[in-house]
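Working notes, beginning with the structure itself.
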Amino acid sequence: MFKLYDDELCGESYKVRLMLGLLGVEYERVRVELYPSKQNGTRRFLAMNPLGTLPVLDADGALLHGAHAILMYLARRHTGATTEPGEEQTHWLPLDDPLQFAQVQTWLDFAAQLSGIVFTLRAQVLHGTPPHDQCHPLEARKKAQQLLRILDETCWFNEAAGTPFVCASVSPTIADIACFVPVALLDEAEIESIDYPALSRWIARIKRLPGFTTMAGVYAAA
């Protein structure tokens, strides 16, 4: 059984918990508190991940870290997925389609940029972490809004074409999971989300997937 070292309020950790839920994979959770105790800086944790970042997945003795790397590993290991009987199977990582595979990589890079901004601002709001030169709140929110406009426009066109996920696919990929979490946590980062209607519909679409997992501040679709 997998063992996941994570924190309930950590956005990167939630990406992996969400993916595990959507795949229907059982796992054990080990809490590593980021705030206020900073358990990710202890000698024991740094022995598992010298970067001190969450999450860490113990996969049969192999220690994996970096949420997006773990998403790729899980999607590759658990090909197929979590659809209702009679429905089309979900392919989270389209290895047989070079173009769509490249698109997944592109959107993972996009998600990393957006997550870096949203999660940093969220930590400032929730935990009072001080701003730094690379993430001044005003400039960071402007950058986040630019990225959100790109994602909203992409979702609008994809939806209109009948391929309503971020890689213009009929079913979600790991890129949707990577992008979903920072968008779902915008309010906690004090970033206005009302101006992105296509994103709202895309969020609802993700929340209706079988196996969707909630976290504090992110709830299932009504």
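Sequential numbering from 1 along the given sequence is applied to the chain's residues.
- The ring-ring contact (aromatic ring centres under 6.0 Å, His included) analysis of residues 39-60, with sequence neighbours excluded, yields no pairs.
- At distances below 3.5 Å, not a single donor-acceptor pair connects side-chain atoms of Ser169 with backbone N or O atoms of Phe165.
- Residues passing the side chain to side chain contact (heavy atoms under 4.5 Å, CB included) test with Lys38 are Asn40, sequence neighbours excluded.
- Applying the side chain to side chain donor-acceptor pair (under 3.5 Å) criterion to Gln103, with sequence neighbours excluded, gives no partner residue.
- Among residues at least two apart or in separate chains, ring-ring contact (aromatic ring centres under 6.0 Å, His included) pairs with a member in residues 176-220 are Phe180-Phe212.
- Listed by chain and number, the hydrophobic cluster partners of Leu9 come to none, as no ILVMFWY side chain reaches under 4.5 Å of it.
- Annotation: salt bridge (charged side-chain N to carboxylate O under 4.0 Å, His left out) contacts involving residues 98-126, sequence neighbours excluded, comprise Arg122-Glu188.
- Between the side chain of Thr129 and the main chain of Gln124, a donor-acceptor pair closer than 3.5 Å is present.
- Within the structure, every pair that satisfies the salt bridge (charged side-chain N to carboxylate O under 4.0 Å, His left out) test and touches residues 146-160, not counting sequence neighbours, is listed here: Glu159-Arg201, Glu159-Arg205.
- For Arg31, the side chain to side chain contact (heavy atoms under 4.5 Å, CB included) criterion is met by Asp7, Glu33, not counting sequence neighbours.
- Judged as a ring-ring contact (aromatic ring centres under 6.0 Å, His included), not a single pair has a partner in residues 145-164 (not counting sequence neighbours).
- Annotation: side chain to side chain donor-acceptor pair (under 3.5 Å) contacts involving residues 52-64, sequence neighbours excluded, comprise Asn49-Thr53, Asp60-Arg77.
- The salt bridge (charged side-chain N to carboxylate O under 4.0 Å, His left out) search around Arg141 returns Glu190, not counting sequence neighbours.
- Judged as a ring-ring contact (aromatic ring centres under 6.0 Å, His included), the pairs with a partner in residues 102-129 (not counting sequence neighbours) are, in order, Tyr35-His127, Trp107-Phe110.
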